[in-house]
K.L.:
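Supplied in structure tokens, the structure appears directly below.
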Amino acid sequence: MTGKTVLITGANKSIGFETARQMGRAGYRIWLSCRDTGRGQAAADTLTDEGLDVRLLEINVADDASVAAAAARVQVQDGRLDVLINNAGIPGQSLADTSLQPLEDIRQVYETNVFGVIRVTQAFLPLLKAAAPATIIMVSSGLGSLGWTTDPDNFHSKVNILGYNSSKSALNAVTVSFAKALAPHGIRVDCADPGYTATDFNGHSGYRTVEQAGAGIAWLAQQDPAAQGGRFFFEQAQVPW
Ligand code: NAP
């Protein structure tokens, strides 16, 4: 055991669940966070049966009260948090004509992918500061990389979803801002692209496995917390913003 704790949002399934498993195997005590405790309990039981140290934590990242209650519980139980992985995310509607994506749908995507991340990060900051040096990982997407989506030779430039792509570009900017603000407090903030991964998110059309996706995120989460953050990685290589 490392004696360190990690919290992963949206960890009841898919990439978040596998990331929790890999962090657990690396010796971290896991806060397995999910918005539905029924689904979350089943996931936590699976990892507990594998011998990992797991506690279930209800968080709907789109809900102020839910996030505040979760932070209060971790404050009472641990008083600190070593690693926060903001994984929860939604795709929204991927329409044939992306320019017609309804504003309300885009608003929901931002509520989870952008404001949800800011909400959770701000709520858990006192706990991360108490554990410093500490780490925050944002699970972004290659579709948020403007460097890739504007490069006609890169396959990410062929996928144009107004709400989702722009929400992940916004998340990348949010990462840079938090990284600058939190470096003096001993908190490293980096972004991970899990790659196109077969999950419910995309009807299991991705070419990567959740094990591969989780490995990249877990690797980044375990890098030196005192290192200079504000970076974007796919596996162990840096991605252009
Ligand atoms: P997924 O299979 O759809 O799982 C998403 C997870 O997020 C679920 O646990 C879901 O909970 C949770 N979630 C959604 N909204 C939430 C909310 N408001 N509060 C708390 N939890 C919430 O997606 P995934 O493929 O694992 O994606 C995980 C992350 O990787 C996302 O941020 C996604 O944008 C990113 N990503 C995925 C791919 C890919 O190809 N799959 C590629 C690049 C980036 P419920 O089970 O309750 O719905």
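Start at 1 and go down the list; that is how both ligands and their atoms are numbered.
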K.L.:
Select the closest option to atom 3 (O) of ligand 1 among Phe201, Phe234, Tyr164, judged by heavy-atom distance.
P.N.:
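Nearest heavy atom to atom 3 (O) of ligand 1 lies in Phe201.
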K.L.:
Quick one: which ligand 1 atoms are inside 4.0 Å of a heavy atom on Val139?
P.N.:
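Numbered from 1, ligand 1 contributes 29 (C), 30 (O), 32 (O), 35 (C).
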K.L.:
Among protein heavy atoms, which lies nearest atom 6 (C) of ligand 1, and at what distance?
P.N.:
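Result: Gly10 O, 3.7 Å.
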K.L.:
Against ligand 1, does Thr9 come closer than 4.0 Å with any heavy atom?
P.N.:
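Under 4.0 Å: no for Thr9.
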K.L.:
Could you list the atoms of ligand 1 found under 4.0 angstrom from a heavy atom of Ile59?
P.N.:
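It comes down to these atoms of ligand 1: 19 (N), 20 (C).
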K.L.:
Considering only heavy atoms from C-beta outward, does the side chain of Gln108 approach that of Gln93 to under 4.5 Å?
P.N.:
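Not in contact.
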K.L.:
Could you find the nearest protein heavy atom to atom 2 (O) of ligand 1 and give me its residue, atom name and distance?
P.N.:
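Nearest neighbour among protein heavy atoms for atom 2 (O) of ligand 1, to 0.1 Å: Ser14 OG, 2.5 Å.
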K.L.:
Using a plain distance cutoff, I'd like to know if Ala11 has any nitrogen or oxygen under 3.5 Å from a nitrogen or oxygen of ligand 1.
P.N.:
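In this structure, Ala11 places no N or O atom under 3.5 Å from an N or O of ligand 1.
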K.L.:
Sequence neighbours left out, what passes side-chain hydrogen bond (donor to acceptor under 3.5 Å, both in side chains) with Asp45? Give chain and number order.
P.N.:
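Partners of Asp45 under the side-chain hydrogen bond (donor to acceptor under 3.5 Å, both in side chains) test: Gln41.
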K.L.:
Once rounded to the nearest 0.5 Å, what's the spacing between atom CG of Asp78 and atom CG of Leu127?
P.N.:
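Separation between the atoms: 8.5 Å.
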K.L.:
Tell me whether Asp193 has any N or O atom under 3.5 angstrom from an N or O of ligand 1.
P.N.:
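Among all N and O atoms of Asp193, none is under 3.5 Å from an N or O of ligand 1.
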K.L.:
Quick one about Thr98 and Asn160 (side-chain donor to acceptor, distance below 3.5 Å, no hydrogens or angles considered), yes or no?
P.N.:
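Short answer, no.
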K.L.:
We want to know whether Asn86 and Thr121 form a side-chain donor-acceptor pair, criterion being a heavy-atom distance below 3.5 angstrom.
P.N.:
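Yes, a side-chain donor-acceptor pair sits under 3.5 Å.
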K.L.:
Does any non-hydrogen side-chain atom of Val83 lie less than 4.5 Å from one of Tyr28?
P.N.:
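Counting from C-beta outward, Tyr28 and Val83 do come under 4.5 Å.
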K.L.:
Distance under 4.0 Å to a non-hydrogen atom of Asn60: what atoms of ligand 1 satisfy this?
P.N.:
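Atoms satisfying the 4.0 Å criterion: 17 (C), 18 (N), 19 (N).
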K.L.:
Which of the numbered atoms in ligand 1 are under 4.0 angstrom from any heavy atom belonging to Tyr196?
P.N.:
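It comes down to these atoms of ligand 1: 40 (O).
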K.L.:
Check whether any side-chain heavy atom of Thr19 lies under 4.5 Å from a side-chain heavy atom of Val6, and answer yes or no.
P.N.:
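Heavy-atom side-chain distance check fails, nothing below 4.5 Å.
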K.L.:
Consider every N or O of Arg35 and every N or O of ligand 1, then say whether any pair is closer than 3.5 Å.
P.N.:
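Yes: some nitrogen or oxygen of Arg35 is under 3.5 Å from one in ligand 1.
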K.L.:
For the pair Trp241 and Phe232, name the ring-plane relationship: parallel under 30°, tilted 30 to 60°, perpendicular over 60°.
P.N.:
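If you compare the ring of Trp241 with that of Phe232, the planes turn out parallel.
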K.L.:
Would you indicate whether Gln228, at its atom CD, is surrounded by more than 12 heavy atoms from other residues, nucleotides or ligands within a distance under 6.0 Å?
P.N.:
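Check fails, neighbour count at 12 or below.
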K.L.:
Report, in ascending order of atom number, the atoms of ligand 1 lying under 4.0 Å from any heavy atom of Asn202.
P.N.:
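Listed by number with element: 39 (C), 40 (O), 41 (N).
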K.L.:
Hey, does Asp36 come in under 3.5 Å of ligand 1, counting only N/O atoms on both sides?
P.N.:
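In this structure, Asp36 places no N or O atom under 3.5 Å from an N or O of ligand 1.
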K.L.:
Does Gly116 come within less than 4.0 angstrom of ligand 1, counting non-hydrogen atoms of the residue?
P.N.:
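The answer is no, since Gly116 has no heavy atom less than 4.0 Å from ligand 1.
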K.L.:
Does Lys168 approach ligand 1 within less than 4.0 angstrom via side chain, backbone, both or neither, non-hydrogen atoms only?
P.N.:
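Side chain only; the backbone of Lys168 stays clear of ligand 1.
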K.L.:
Do me a favour and list the nearest non-hydrogen protein atom to atom 41 (N) of ligand 1 with residue, atom name and distance?
P.N.:
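In this structure, atom 41 (N) of ligand 1 has Thr197 O, 3.2 Å as its nearest protein heavy atom.
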K.L.:
Decide whether the shortest distance between a heavy atom of Phe17 and an atom of ligand 1 is less than 4.0 Å.
P.N.:
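Contact check Phe17 vs ligand 1: negative.
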K.L.:
For ligand 1, which atoms, with element, lie under 4.0 Å from some heavy atom of Asp200?
P.N.:
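That gives atoms 2 (O) of ligand 1.
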K.L.:
Identify, for atom 38 (C) of ligand 1, the protein heavy atom at the shortest distance, and state residue, atom and that distance.
P.N.:
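Answer, as residue, atom name and distance: Gly195 O, 3.7 Å.
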K.L.:
Among protein heavy atoms, which sits nearest to atom 5 (C) of ligand 1, and what does the distance come to when rounded to 0.1 Å?
P.N.:
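The protein heavy atom lying closest is Gly89 O, 3.9 Å.
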K.L.:
Of the side chain and backbone of Ile90, name the one, both, or neither that has a heavy atom under 4.0 Å from an atom of ligand 1.
P.N.:
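Answer for Ile90: side chain.
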K.L.:
Same hydrophobic cluster for Leu7 and Met23, using side-chain heavy-atom links shorter than 4.5 Å among ILVMFWY?
P.N.:
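No; tracing contacts between hydrophobic side chains, which count when under 4.5 Å, never links both residues.
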K.L.:
When you measure from the heavy atoms of Ser140 to every atom of ligand 1, does any distance fall below 4.0 Å?
P.N.:
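Yes; Ser140 lies near enough to ligand 1 that a heavy-atom distance drops under 4.0 Å.
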K.L.:
For atom 19 (N) of ligand 1, what's the nearest protein heavy-atom neighbour? Residue, atom name and distance, please.
P.N.:
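The protein heavy atom lying closest is Val61 N, 3.0 Å.
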K.L.:
Check the hydrophobic clustering (I, L, V, M, F, W, Y; side-chain heavy atoms under 4.5 Å; chains of links allowed) and say if Phe124 and Ile217 are grouped together.
P.N.:
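Different clusters: Phe124 never reaches Ile217 through Ile, Leu, Val, Met, Phe, Trp or Tyr contacts under 4.5 Å.
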K.L.:
Distance check, rounded to the nearest 0.5 Å: Glu58 atom CD versus Asn12 atom CG?
P.N.:
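Glu58 CD to Asn12 CG: 11.5 Å, rounded to 0.5 Å.
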K.L.:
Determine, using the 4.5 Å side-chain heavy-atom cutoff (strictly less than), whether Leu32 and Leu84 are members of one ILVMFWY cluster.
P.N.:
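Different hydrophobic clusters.
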K.L.:
Of all the non-hydrogen atoms in the protein, which one sits nearest to atom 4 (O) of ligand 1, and at what distance?
P.N.:
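Ranking protein heavy atoms by distance from atom 4 (O) of ligand 1, first comes Lys13 CE, 3.6 Å.
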K.L.:
Flag the pair Leu220 / Arg188 as yes when at least one side-chain heavy-atom distance between them is below 4.5 Å, and no otherwise.
P.N.:
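Yes, their side chains come closer than 4.5 Å.
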K.L.:
Which of the atoms in ligand 1, numbered in the order shown and given with their element, are less than 4.0 Å from a heavy-atom of Asn12?
P.N.:
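Listed by number with element: 8 (C), 9 (O), 11 (O), 45 (P), 46 (O).
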K.L.:
Ile118 and Tyr110: same hydrophobic cluster, using ILVMFWY side-chain contacts below 4.5 Å?
P.N.:
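Ile118 and Tyr110: one cluster.
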K.L.:
How close does the nearest protein non-hydrogen atom get to atom 21 (N) of ligand 1, and which residue and atom is it?
P.N.:
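Heavy-atom neighbour on the protein nearest atom 21 (N) of ligand 1: Ala88 CB, 3.5 Å.
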